[in-house]
Amino acid sequence: MRNRIWFATSLAVVLALLILALGGCAGAPAPTPTPSKPVATAAATPAPAKASPVASPAASSKTEPAASKEPYKIGALAAVTGPGSSLGIPERNTYQMLEEQVNKSGGINGHPVQVVIRDTESDETKAVLATKKLIEEDKVLAILGPSLSGESLAIADTVTKAEVPLISAAASIMIVVNKDGSIPKWVFKTPQSDALIVKTLVDHLKTKGYNKIGWLSVSNAYGDSGTTEFQKLAPSAGLNIVAKETFAATDTDMTAQLTRVKGANPDAIVVWSIPPSAAIVSKNAAQLGIKQPVFQSHGIGNKAFMSVAGPAANGVVFPAGKLLVADALPDSDAQKKVLLQYTKDYTAKFGADTLSTFGGHAWDCFWVVADALKKSGPDRAKLRDAIENTKDFVGITGVFSFSAKDHNGLDNRAVTMVEIKDGKWVPAK
Amino acid sequence: MEFYQQVLQYLVTGVTLGSIYAIIALGFITIYNVTGIVNFAQGEFVMLGALIAISLYKNQVPIVVAFVGSVMVTTLIGAALQRIAIRPAKGASTLTLIIITIGASITIRGLGLITWGPDPYSLPAFSGDQPIAFGGAAIIPQSFWVFGATIVVLGGLYAFFEWTLLGKAVRACAINVSAARLMGISPSSMALFSFALSAGLGAIGGVVMAPMTLATYDMGSMLALKGFVAAIVGGFTSTPGAVVGGFLIGILESMGAGLISSGYKDAIAFVVLFLVLFLKPNGLFGGRDTGRGGL
Amino acid sequence: MERNGIGKYENYITLGALIVVMGSLPLLLSNSYHLSIMAFIGINTMLAVGLCLLMGYAGQVSLGHAAFYGIGAYTSGILTTTFKMNPWLAIGVAAVFTGVVAYVIGVPMFRLKGNNLAMGTLGFGIIVYIIFVEMRDWTGGPSGLTGIPSLSIFGFTFDNDLKYYYLIWAIALLFLVLSLNIVNSRVGRALRSIHGSEIAAETLGVNTNKYKIQILVVAAMYASVAGSLYAHYLTFINPQPFSFKLSIEIVVMVVIGGLSSVWGALLGAATTTVLSEVLRGVIPQFLKGATGEYEIVVFGIILMVVMIFLPEGLFSGSVRIVKSWRREKESKQRTVDETAIVEPSSVVAEGHLAVEDK
Amino acid sequence: MLDDSTSAVMTNGSLLDARNLRKSFGGVVAVDGFSFTVKRGQIVAIIGPNGAGKTTAFNLVTGVHPLTSGEIHFCGQRIDGLKPYEIAERGISRTFQNLQIFGNMTVAENVMVGRHPRSKAGILSAALSLPNARAEEKRIFEVAMQNLKVVGLAHRAMDAASSLPFGSQRLLEIARALAVEPKVLLLDEPAAGLAGQETKDLAQLIYRIRDSGTSILLVEHDMELVMGVADWVFVLDYGKLIAAGTPSQIQSDKKVIAAYLGEEMD
Amino acid sequence: MLEVVGVSTYYGQIQALKGVSLSVNDGEIVTLIGANGAGKTTLLNTICGVLAARRGDVVFDGQHVTKLPAERIVRLGISHVPERRQVFGEMSVKDNLILGAYHRYGKEKRAVIDRDLETIFELFPILKQREKQAAGTLSGGQQQMLAVGRGLMSRPRLLLLDEPSLGLAPMLVREIIRIVGELRDRGTTVLLIEQNARAALRIADRGYLIETGRIVLEGTAAELIANPIVQSAYLGKGYHHVS
């Protein structure tokens, strides 16, 4: 009997140790707690949730010799692994690059910046946990990202309750407009909303005289949001959706869907997806001998699409931010300088064909916050107000002017039509 | 486009897709027959095959050499997996071994992401991109390569299992391990060999499909899922069964997407497969103890 | 009286210890990050305990358990948003509905065995996932369902992590108790007999099919409640968390914890959840700038290593180690050779005899 | 349950009446037109060389395999076509030639499973541990202990069943089958692998079970045991009945000897 | 040639062999008889390495093979024809035979093995006729011949035969037994397990009676066949008055 009790208690102790290990690892810089002194480790865990949003001097590290002042800690969430990794990795890269740049040039108001990046694994649950860790343990002033709309929606409640500004790098309009039409106080986002993008596309299609549209979209939040917006805007522009098909992001062949679309005999085909599936659709369309022009979405805004779609990419037209066609912009364009600079910096650091608009979203997230921090100082509430009051901020995605009614802050100048011609992005005519 | 042409197109697409699934299914049953393990890392072999070939090709290696090299490297990785992760787990239940393969698949996928990043890659089509018209349906040349690879692999496996001593030894081990040992056949060597062969098969599939389906570090999970289902429908022990299962799923998927609903295509395929299973609980070709094993 | 050498008393003691630990834990972990990890462990425990009953006790595999989780979450979500139903009622309705779904699919499903059953359940999971994605009018499609209300009772709103922590663990522990009761009952024996030898169970009067379906319904209802709690906790759901990937993760939790005990499910859920969070903190300290890619690689390696060295899972594995260690100690005290006690006076029937002797 | 059997027994006194049993697997006929009866209070043995179809006959009676043709009557009712658990509920239980011990349970729990058809707590009352379920559980345990006492394993009740020596596992299977309160108990090679004294004890056990009112159908290779305990012996060879009679009749039957020791070669 | 010394084998905790010792000399047929479950098959499986002895020693030609796995022992020249034949049912008759010589390929000339195959076909003409047929479709007797043939293909110096007559019609039993005799005449040493004690003892040189894991009797075939204990071991006491 004694043995049994001994066993039961040891089981409970093991459980408790596990939990404490978690506390210790997460909180203290030491990688592993000392099992023999669990209580001491737990005590090392940072103070409770209600701590002041000002980075507490005791908790911060002393790793930045360059600057004399306390670092500003900013959290960043990116879908580095999982299905969203083609978004998350350029975002992560951009955050790392900007942190370095800013600190080299003396930080913000003399404070170095520390960007704490967490992977969300493209998973909502993990995103929520990572958010809480950023808020509770890293005591960040604001959170940049996450990459995906679902993740952003999943953590919205958490940041709102904790009163931490969030600048999402995901597309869906639902992130910054609640169901009842109100605006979530603490949540902003930098990518163009699908409404904006779709509007530009619809206008383009209308100008070109394409009335019957065959629509293919990927069955995830990205494709769904595009579909919804398109269905909303198309009728008023006199566009008629003659075929509507979906495919899964992991599908390897869309011939069946295209065959159906082809059978409906549209004037033009629109594909709303990201690579690789977006590229497969273009390839399949070419293979099926589809003569109609193929339009894609801003989801193909990186070189990967071109390189994998090969010749099939040629002639594809899509709405996107100006980043991809920065070269061709008139010098009068406000964004041109910024765009070229980012292109130069990013490709210098990460390689020639690595540029993508997703990194651009991250750039915007970072600088909107950094800019606001200059004015507000390290206070979450003041920072939020400063973000909301950002006006005419020239970013990669567009020129941002946030307001209490608009937490995206972009207008249709942020979108342009781009054509792929011989492996290059050029403005579409 | 006439209706029958559409249907023909769906069929062509289905057969191409099915060929891919079939090769993966063959990889599954190769390991399963010998070891009783459902190898969840099978999709990762496909990914490795495709991406290694692409990397070689990008480094100016001729495509044929890249193909062969990739298959060889992947084969070695398969063998290493068996030696490093499966063999040390002595006395473990099959379920435990299956979880080990899940761990392997997570690990390999993560290494793939580190090595190749998240972007998709492509190989040029082996013989051009110009589609061939076939009764109103378009067939791209790469489809023939994929289909041909399936047939060659099936034929190769048949020849191997029927005509070579090693092949016969593998079969003997699959049929009756203890009797095979009495012939001097070492089950451990056969398990090693089955992992290597299976990885090689996956790699072949990966390389031939890469020009069509593109290759990403996470392409494996979906392909493995479909290949797994194809293998079960085919009875999980039968080589021709796996191929038929692959075709069946490919065609169902494509017909379902084309004729009924693209959103529900996988659901349609699964419902039909259920019906098949209820009518033939051992799978289409499952003669022997399909109920055994793994899961 | 449980089969892995830990019996009723141990169960009660462990349970008591667990209740004390879980009850007092917030004193140590008041930070809402830790509390929500614990809350997710609680939710995962509900999933894993259910699947453990099905896989570990009844010996029936399921690769589609995430579907029940999702059905619970979506039923709750839809009832409380579209129909403005009281959330508590919605959780109940969702559980019953999920139970009915489980029954309806269980009847044909358990005609399948082995790999076919694996495929059947896998297919079910995928079909349900597709329904979440495609039935946009109800589920919001891939964009998800927002505005799910938090839970509240008699004016007391579950509006922070601490409150959810207690709620979730109260329910998780309740499920543990119910499961332990089932396991140590006539029904539990029937289930275990199915796993031990289905043929013997049948000839002893156990309607194996009935119990397989019953336990599937129980596991599904556990998962449903877990899903409902998840939905009300996050106030947002989309199909992503209910995919095939989660089904596999639940299986991994159950196996890594140890199939043969309900406690193993708890341990497995805790280990996998905590491990991935701990790696997040630890890895960057060894590899500067390393993020997700390295974490999943290390996670995969740890999973393999655990399974290689503790093939029967953490729980049974540690029980075995403790026992052999204890036995060693005892045998040092006594000089009696243990084998003498069990020295069998008989010979096994030769070779491998099939039930069939044809 | 034992009492109502008396009325149900058919006029010829046979409790279990198998007529013309036939079973083929694929093309192989394992049991070929085999008929036998077990009367109340009888110990009946089926013998025959390896592969003669004895275990198949057991599997047919207990519903493990469906019949190819033939009929099985038990207490005047047809039971062929019923599920094994339904047959068990009616009062036929069995042991297995290759042991089917529930290795994942204790000795007592193994026997308690045998009480399954004689108890009724459902999953809900079990989960909630309702008083009636707890009371029933207690009774189940008591009966199980009694059955263990009958076979002499009560002292090992709390041990893991898999830790029992082989001979004890055979006894455990008998105790487990007895817990069903069968009217007919089918023993499939209960003496296989038992040592001399154990076999003698087994014979005593079989008598005791018979005396308590349970008829016994026995498949056994140990001829000493069979010839000692059986009231009536059926001999199967290649699925066919080649002889039937009292032990002494069987022992002097030329056909039986040939089937066993091999034919004289010259 | 073969020396088994005090071998004890367990299944888990269950002891199946309790210190069995026996020996087989070159050129002999030794038979091991005993009732079902006495431990005959366990002993053969222990000798050939399918099971591991917990205590005791198996020595073959002066070499300790106790700890070697089955696949290694075959290479030393012990071939085991397992109970219930265990032919590879889905493979052809010829393939089964070829696998019997699995470990010889690469070491010996192809022609030698092919010649052995012809020898087997001479010994079992029926197998030649069914060369291409799947082994599982053969009748029981033919499968048994195939199993023996497969065992011989490894060119064993010692052949372990486990109940070759199991489930066979009497005529076939005679045929099998005749062939065992012929094998010995061709120089193969045989350790034979048989339920059909009379037939086995008729061709054997010596025999052992095994009961519940112990050797209880040994002697020449003639001695054993005359011993009433042998009969009672099979058909029960009080039986030996019938002859």
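A note on names: the letters A, B, ... follow the listed sequences, proteins ahead of strands, and every chain is numbered from 1.
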Subject >> Worked check of side chain to side chain contact (heavy atoms under 4.5 Å, CB included) between A/E100 and A/K349 >> reply: CA-CA 12 Å; A/E100 197 182 306; A/K349 196 167 164 74; 3.2 Å; yes
**OP:** Return yes if a side-chain donor-acceptor contact under 3.5 Å exists between A/T158 and A/T131, otherwise no.
**Re:** no
Original post:
Which bit of C/S243 comes within less than 4.5 Å of chain A, counting heavy atoms only: side chain, backbone, both or neither?
Top reply: neither
**OP:** Determine, stepwise, if the pair A/N220 / A/L148 fulfils side chain to side chain contact (heavy atoms under 4.5 Å, CB included).
**Re:** CA-CA 10 Å; A/N220 60 22; A/L148 304 175; over 6 Å; no
Original post:
Which is it for A/R92 and C/E293 under the salt bridge (charged side-chain N to carboxylate O under 4.0 Å, His left out) test, yes or no, and what are the steps along the way?
Top reply: CA-CA 12 Å; A/R92 192 248 340 246; C/E293 307 98 314; 3.2 Å; yes
**OP:** Sort A/T125 into side chain, backbone, both or neither according to what part of it lies under 4.5 angstrom from a heavy atom of chain C.
**Re:** both
**OP:** Classify the angle between the aromatic ring planes of A/Y222 and A/W272 as parallel (below 30°), tilted (30 to 60°) or perpendicular (above 60°).
**Re:** parallel
Original post:
For the candidates A/G150, A/A130, A/A78, which exhibits the highest count of non-hydrogen atom pairs separated by less than 4.5 Å from chain C?
Top reply: A/G150
Original post:
For C/S36, is it the side chain, the backbone, both, or neither that has a heavy atom closer than 4.5 Å to a heavy atom of chain A?
Top reply: both
**OP:** With a 4.5 Å cut-off on heavy-atom pairs, point out which of A/L129, A/L134, A/T246 contacts chain C the most.
**Re:** A/L129
Subject >> Proximity of residues 175-182 of chain A to chain C, residues having a non-hydrogen atom under 4.5 angstrom >> reply: A/K179
Original post:
Which region of C/I296, side chain (C-beta onward) or backbone (N, CA, C, O), has a non-hydrogen atom less than 4.5 Å from a non-hydrogen atom of chain A, or is it both or neither?
Top reply: side chain
Original post:
For A/I135, is it the side chain, the backbone, both or neither that has a heavy atom under 4.5 Å from a heavy atom of chain C?
Top reply: neither
Subject >> Non-neighbouring partners of A/F350 that pass ring-ring contact (aromatic ring centres under 6.0 Å, His included), sequence neighbours left out >> reply: A/Y346
Subject >> Flag for A/T227-A/W215: side-chain donor and acceptor within less than 3.5 Å >> reply: yes
**OP:** Mind ranking A/S219, A/A156, A/S122 by heavy-atom pairs under 4.5 Å with chain C and telling me who comes out on top?
**Re:** A/S219
**OP:** Could you name each residue pair satisfying side chain to side chain donor-acceptor pair (under 3.5 Å) that touches residues 138-147 of chain C, not counting sequence neighbours?
**Re:** none
**OP:** Could you have a look at A/T228, A/L153, A/D157 and say which one has the most heavy-atom pairs with chain C under 4.5 angstrom?
**Re:** A/L153
**OP:** List in chain and number order the residues that pass ring-ring contact (aromatic ring centres under 6.0 Å, His included) with C/F40, two or more places apart in sequence or in another chain; answer none if no residue qualifies.
**Re:** C/Y233
Subject >> Side chain proximity check, A/I173 to A/E229, heavy atoms < 4.5 angstrom >> reply: yes
